[in-house]
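Taking it in order: structure first as structure tokens, then the write-up.
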Amino acid sequence: MVDVILGLQFGDEGKGKIVDYFAPGYDVVARFQGGPNAGHTLYINGKKIVLHQIPSGIFHENKINLIGNGVVLDPITLKRECDSVAAMGVDYRKTLFISQRAHLILPTHRAIDKASETSKGNEKIGSTLKGISPAYMDKTGRNGIRVGDILDKSFTTQYIKLRLKHQKLLDNFSFTEDISTWEEEFFGALEFLRELQIVNGEYFINEKIQQGKKVLAEGAQGSMLDVDFGTFPFVTSSNTISAGVCSGLGIAPQKIREVLGVTKAYCTRVGSGPFPTELNDETGELIRHTGNEFGSTTGRPRRCGWIDLVALRFACMINGVTQLVMTKADVLDSLENLQVCDKYLINGKETTEIPYQMLRMNIHPQYKNFEGWKTDITGIKSFNDLPEKMKSYINYLDTTLNIAVKFISNGPGSEQIIVAL
Ligand code: GDP
Ligand code: IMO
Ligand code: MG
């Protein structure tokens with residue numbers, strides 16, 4: 001049996017905290033896509049840690065943490081992260097497993113990412129520059145190098161061949177930065193990676209499922225950044241939606257049970273691209289400030305806006321969401337009034353559907369107004385104690401999306417979560 005936790009917006013919905021919260025109920029936590037572009041924040045005994053490559057179940061003893069075949073892996077980031085979790089007492093050598101089919105991010109992938117973004121000028125995607133797109137391009141272009149290959153004696157030849165290909169691309173971009181230090185670090189990190197538990201991920205996970213073990217699949221990014229269904233081309237390069245769980249771990253669709261969709265009580269986006277409900281005013285600034293909306297991976301300020309139910313309904317549909325988790329509800333505590341977008345007005349026509357492209361049209365979000373609850377909810381433990389005005393806000397989400405908000409997160413702490421009645 002496999003349950004999924006994934007983001008329904010543009011990433012950073014608080015997936016890391018939610019995975020950490022649910023991890024005790026599972027035997028395996030598995031990442032199925034994305035790479036070090038992800039930044040999943042956890043508070044472990046009050047100490048903050050941001051995970052980029054390692055699944056968010058790593059702090060729970062005796063849980064298996066699998067980096068699946070759908071992930072792109074940067075050994076340098078992985079090594080650094082392993083050192084950080086080890087310093088916090090985690091014996092990752094026992095609990096971390098990596099699929100031999102996961103593709104590697106090479107230093108030249110990062111360089112190409114940077115060169116490509118720079119060449120786009122004003123049209124840049126706002127990539128995290130972690131080499132995600134070039135690594136996935138080499139995967140689908142059938143040039144990539146996989147984790148299993150580092151155990152093979154052909155590895156050096158494979159590396160040199162791909163390195164030469166990449167150099168031609170970099171020359172085309174007139175990229176002249178010296179990446180020799182990255183490469184040195186990369187080869188050091190490969191030595192480290194060779195010592196970890198590299199497994200045949202699909203057999204590994206299916207055996208666990210067969211034995212009755214419970215698997216939690218951890219999404220990275222968000223549904224509106226999905227390469228097929230997001231705001232293309234301002235997306236990431238993987239399938240972030242629940243379908244990605246099957247291809248990213250090697251499990252069959254009927255094994256998936258619950259799909260927990262995580263949404264903030266408002267919306268944020270980091271990087272470029274359409275964001276119909278964005279607030280470029282003092283309310284947006286207040287949300288950014290109160291919610292500490294700065295990228296976990298890059299430190300960039302996140303763009304902030306109202307919750308968008310058109311996008312959320314779309315995300316629930318393509319993911320088959322069965323339960324909703326609403327995070328960062330406390331960030332709205334001080335607001336006088338709140339708005340919820342429930343339709344778009346495009347060329348004078350109302351719609352509740354996401355257009356296939358949002359760049360070349362004027363989208364006017366239509367809002368329903370709510371009074372703010374003006375109460376500090378961060379210490380509240382039970383649903384009954386939440387302010388009535390907040391309950392109406394939640395109730396509107398439940399009924400409009402036709403899926404229940406089952407969990408409400410009211411602070412970054414691992415214990416700050418309320419189960420809805
Ligand atoms: P992820 O990428 O989806 O795991 O999310 P991030 O970790 O990038 O960003 C979420 C941020 O919000 C982190 O700084 C979390 O510590 C914080 N956070 C998570 N849930 C809550 C919440 O309910 N309230 C507040 N105030 N912060 C939260
Ligand atoms: P988590 O897992 C928020 C965004 C980037 C950029 C676009 C493409 O922490 O939610 P990429 O590096 O993939 O080429 O960038 O996607 N992006 C994220 N935004 N959270 C993330 O991950 C993101 N990963 C990528 O800002 O707009
Ligand atoms: Mg994040």
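For ligands, and for the atoms within them, numbers begin at 1 and follow the listed sequence. This is a predicted model, so every value here is computed, not measured.
Taking every heavy atom of both residues into account, S223 and N319 meet most closely at OG-ND2, 2.9 Å. Shortest non-hydrogen contact noted between I5 and F22 is CD1-CD1, 3.8 Å. Contact record, D74 with P36: CB-CG, 3.9 Å, taken as the closest heavy-atom pair. Nearest heavy-atom pair across D138 and H109 is OD2-NE2, 2.7 Å.
Considering backbone and side-chain atoms alike, Q221 places an N or O below 3.5 Å from some N or O of ligand 2. The shortest N/O to N/O separation between R300 and ligand 2 falls below 3.5 Å. Here's the thing with G39: one of its N/O atoms is less than 3.5 angstrom from an N/O atom of ligand 2.
Residue G411 has at least one heavy-atom neighbour below 4.0 Å for each of these atoms of ligand 1: 20 (N), 21 (C), 22 (C), 23 (O), 24 (N), 25 (C). Near A38, meaning under 4.0 Å from any of its heavy atoms, are these atoms of ligand 2: 1 (P), 2 (O), 9 (O), 22 (O). When each atom of ligand 1 is checked for a heavy atom of Y43 under 4.0 Å away, the hits are 16 (O). Annotation for ligand 2: atoms under 4.0 Å from non-hydrogen atoms of F10 are 3 (C), 19 (N). Within ligand 1, the atoms closer than 4.0 Å to a non-hydrogen atom of S409 are 20 (N), 21 (C), 22 (C), 23 (O), numbered from 1 in the order shown. Less than 4.0 angstrom separates some heavy atom of G16 from each of these atoms of ligand 1: 4 (O). The ligand atoms of ligand 2 that sit less than 4.0 angstrom from a heavy atom of A220 are 2 (O).
The only member of V71, L66, I67 that meets side-chain contact (heavy atoms from CB on, under 4.5 Å) when paired with I98 is I67. Tested against E293, the residues K264, R288, R269, R303 include a single salt bridge (charged side-chain N to carboxylate O under 4.0 Å, His left out) partner, K264.
Residue contacts with ligand 2 for K15 involve side-chain atoms from C-beta outward but no N, CA, C or O (heavy atoms, distance under 4.0 Å). Of all the heavy atoms of T41, the ones lying under 4.0 Å from any atom of ligand 1 are found in both the backbone and the side chain. Under 4.0 angstrom from ligand 2, there are no non-hydrogen atoms of F234. With a 4.0 Å heavy-atom cut-off, ligand 1 is reached by no atom of N292. Contacts between T298 and ligand 2 below 4.0 angstrom, taking non-hydrogen atoms only, are absent altogether. Contacts with ligand 1 closer than 4.0 Å are made by no heavy atom of K264, backbone or side chain. The backbone and the side chain of K15 each have at least one atom closer than 4.0 Å to an atom of ligand 1 (non-hydrogen atoms only).
The shortest heavy-atom distance from G11 to ligand 1 is not under 4.0 Å. The closest approach between any non-hydrogen atom of R302 and ligand 2 is not below 4.0 Å. Heavy atoms of H40 come nearer than 4.0 angstrom to ligand 2 in at least one pair. A heavy-atom separation below 4.0 Å is not found between R269 and ligand 2. For the pair S133 and ligand 2, no heavy-atom separation below 4.0 Å is found. Using 4.0 Å as the threshold, D113 has no heavy atom nearer than that to any atom of ligand 2. Within the 4.0 Å heavy-atom cutoff, G7 does not count among the residues contacting ligand 1.
By the 4.0 Å N-to-carboxylate-O rule, E185 lies close enough to R80 to be salt-bridged with it. Ion pairing between a basic and an acidic side chain is recognised when a charged N comes within 4.0 Å of a carboxylate O; K94 and E61 show no such pairing. K328 and E13 are not joined by a salt bridge, as no carboxylate oxygen comes within less than 4.0 angstrom of a charged side-chain nitrogen. No salt bridge links E117 with K124; every basic N to acidic carboxylate O contact stays at or beyond 4.0 Å. Salt bridge present: R257 and D3 bring a charged side-chain N and a carboxylate O closer than 4.0 Å. A salt bridge is absent between D333 and K374: the closest approach of a Lys/Arg side-chain nitrogen to an acidic carboxylate oxygen does not fall below 4.0 angstrom. Ion pairing of K381 with E415 is absent here, as no side-chain N (NZ or NE/NH1/NH2) approaches a carboxylate O to less than 4.0 Å.
Here the N, O or S atom of D12 that is nearest to the Mg ion (ligand 3) is OD1.
Between F10 and F275, the angle of the ring planes lies from 30° to 60°, which puts this pair in the tilted group.
For atom 18 (C) of ligand 2, the closest non-hydrogen atom on the protein side is L225 CD1, 3.7 Å. V235 O, 3.9 Å is the protein heavy atom nearest to atom 7 (C) of ligand 2. Shortest contact from atom 12 (O) of ligand 2 to any protein heavy atom: T128 OG1, 2.5 Å. The protein heavy-atom contact nearest to atom 13 (O) of ligand 2 is T236 OG1, 2.6 Å. In terms of protein heavy-atom proximity, atom 14 (O) of ligand 2 is nearest to S127 OG, 3.2 Å. Counting protein heavy atoms only, atom 27 (O) of ligand 2 is closest to V270 O, 3.1 Å. In terms of protein heavy-atom proximity, atom 20 (N) of ligand 2 is nearest to D12 OD1, 3.0 Å.
Taking the six-membered ring for Trp, F59 and Y92 have ring centres at least 6.0 Å apart.
Residue contacts to the Mg ion (ligand 3): G39 brings an N, O or S atom closer than 2.8 Å.
Of the candidates K17, R302, H40, M326, it is R302 that places a heavy atom closest to atom 9 (O) of ligand 1. Considering only non-hydrogen atoms, atom 5 (C) of ligand 2 lies nearest to G126 out of G35, G271, G126.
Here the side chain of S409 pairs no donor or acceptor atom with the backbone of I417 at under 3.5 angstrom. Side chain of N69 to main chain of A102: no donor-acceptor pair is present (N/O by atom type, distance under 3.5 Å, no hydrogens or angles).
For Q167, the CD atom sits in a packed shell: over 12 heavy atoms of surrounding residues, nucleotides or ligands are nearer than 6.0 Å. In the displayed structure, E371 atom CD is contacted under 6.0 Å by at most 12 heavy atoms of other residues, nucleotides or ligands.
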